[in-house]
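To keep things clear, I will list the structure first and then write my remarks on it.
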Amino acid sequence: MKLVKKSIVLFLFMVVLLTGCSQEATVKKENTKTNSNIKVVTTYKPATDIVLALGGKDKLVGVNDGAKKDPLLVKLDGNLSSKLGEVGSKKSGLNIEQIVALKPDVVILYPTKKSDDTVKKLTDLNIKVVSINPERIDSLQSDIIKVGNAIGESEKSEKMVAYYKEKIAYVTKKLIPIKSKKTVYLAGAHGILSTCSGDFLQHEIIEVAGGTDVAANLKGGWNDVSVEQVIAWNPDVIASVMYCPEGSPTKIIGNEYLQTVTAIKNKKVYQIPSNIAPWDMPQPSSILSILWMSKILYPEEFNDLDIHQVTNEFYKNFYGKSFDELGGTLLEESGAKK
């Protein structure tokens with residue numbers, strides 16, 4: 001009789017144990033399924049790029065106007081564009097009806113006064129809103145973590161931030177022997193005579209790479225400056241962003257009004273080199289512009305840095321395809337001074 005009771009107790013214990021394990025497995029499976037099925041809408045380029053860098057391309061259901069033609073997005077997945085809805089933009093305004101129609105779980109916004117009303121309308125509909133403005137390196141890192149948590153890619157976001165910090169530490173250590181920093185002028189979005197303010201991430205890229213930004217005291221966004229001001233700054237190096245009109249080194253060096261500038265005389269004029277993504281923008285690939293600029297400014301100290309190799313590894317690790325596989329070209333390699 002005692003043996004029967006013991007058998008019954010053991011049987012019931014095993015049933016409870018197996019049931020508990022089964023339920024736990026089901027919960028884990030459901031959680032995994034929930035994360036993989038999260039639908040995401042991004043409303044400006046850096047937000048889209050962060051999602052792509054975290055392996056979230058299949059979670060995207062909507063992007064800002066024009067983003068469907070973004071070279072990186074298209075090269076990552078040629079079929080992705082046709083699946084995405086367009087939801088307006090931070091400049092022209094967002095189409096809330098279109099956002100809601102896509103049934104997203106998460107919407108990533110740029111914080112503005114206009115977006116306050118959008119946030120309220122979306123949260124009232126139980127749609128999670130994440131606001132990011134990664135115009136400093138520390139805020140970029142925290143925003144990567146924030147997006148990763150929101151879209152179910154926390155582990156990848158932590159890996160990305162760790163990589164970013166590791167590369168900055170590498171650059172910082174290499175720069176220790178440098179006693180005299182080179183001055184840098186960045187030709188920006190509006191042409192040779194536009195440059196970044198001290199409020200932009202581009203300014204911090206220059207500084208972290210070991211340069212001194214001649215326009216550090218400017219405020220706001222892209223600033224238009226005069227020929228006389230560039231001559232007065234007399235930078236050692238001029239770099240241009242890839243989307244700078246007339247921003248090729250050849251055209252900048254040939255500018256008849258800047259011939260007295262040290263960078264022009266010494267032909268120390270460069271263009272941030274990627275053809276598929278602007279590395280100077282507040283997104284994960286900005287770490288590549290820091291590495292690139294460090295080597296441009298101090299080639300001897302960074303003679304062990306192979307930009308092509310690092311770039312291939314970066315895109316392979318975080319986007320799933322190497323730079324070469326994406327059809328990427330470093331403009332200096334190809335001689336394409338565009």
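If you read the sequence from its start, that first residue is 1, and numbering goes on from there.
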Task: Pair N303-Y298, side-chain donor/acceptor within less than 3.5 Å - done: no

TODO: Kindly compute the distance separating CG (N217) from NE2 (H203), expressed to the nearest 0.5 Å.
DONE: 9.0 Å

Open item on the list: Regarding E325 and K75, does a basic nitrogen lie under 4.0 Å from an acidic carboxylate oxygen?
Closed with: no

TODO: Before accepting this row, confirm whether a basic side-chain N of the pair E246/K251 lies closer than 4.0 Å to the acidic partner's carboxylate O.
DONE: yes

Task: Among K159, E313, K156, the one residue meeting side chain to side chain contact (heavy atoms under 4.5 Å, CB included) with F318 - done: K159

Open item on the list: Regarding K295 and E301, does a basic nitrogen lie under 4.0 Å from an acidic carboxylate oxygen?
Closed with: no

Open item on the list: Within the 4.5 Å heavy-atom criterion, are I145 and N149 side-chain neighbours or not?
Closed with: yes

TODO: Show your reasoning for whether side-chain contact (heavy atoms from CB on, under 4.5 Å) applies to N223 and F200.
DONE: CA-CA 11 Å; N223 281 244; F200 262 16; over 6 Å; no

TODO: Under the side chain to side chain contact (heavy atoms under 4.5 Å, CB included) rule, collect the residues that match up with T212, sequence neighbours excluded.
DONE: K181, T183

Task: Near-ring test Y319/Y315, centroid separation under 6.0 angstrom - done: yes

Open item on the list: Taking the basic N atoms (NZ, or NE/NH1/NH2) and the acidic carboxylate oxygens, is any pair closer than 4.0 Å for E86 and K68?
Closed with: no

TODO: Verify whether one side chain among S157 and S154 offers a donor that lies under 3.5 Å from an acceptor in the other.
DONE: no

TODO: Determine the interplanar angle of the F314 and Y163 rings, folded into 0 to 90°, and report it as parallel if under 30°, tilted if 30 to 60°, perpendicular if over 60°.
DONE: tilted

Task: Cationic N near anionic O, under 4.0 Å, D105 to K39 - done: no

- [ ] Could you tell me whether the side chains of S240 and Y270 share a donor-acceptor contact shorter than 3.5 Å?
- [x] no

Open item on the list: For a 4.5 angstrom cut-off between non-hydrogen side-chain atoms, does L326 reach L76?
Closed with: yes

Task: Closest approach of I272 to M242 (non-hydrogen atoms, all atoms of both residues) - done: O-CB, 3.9 Å

Task: Under-4.0 Å salt bridge between K146 and D143 - done: yes

Task: Beyond-backbone contact of V261 with Y185, side-chain heavy atoms, under 4.5 angstrom - done: no

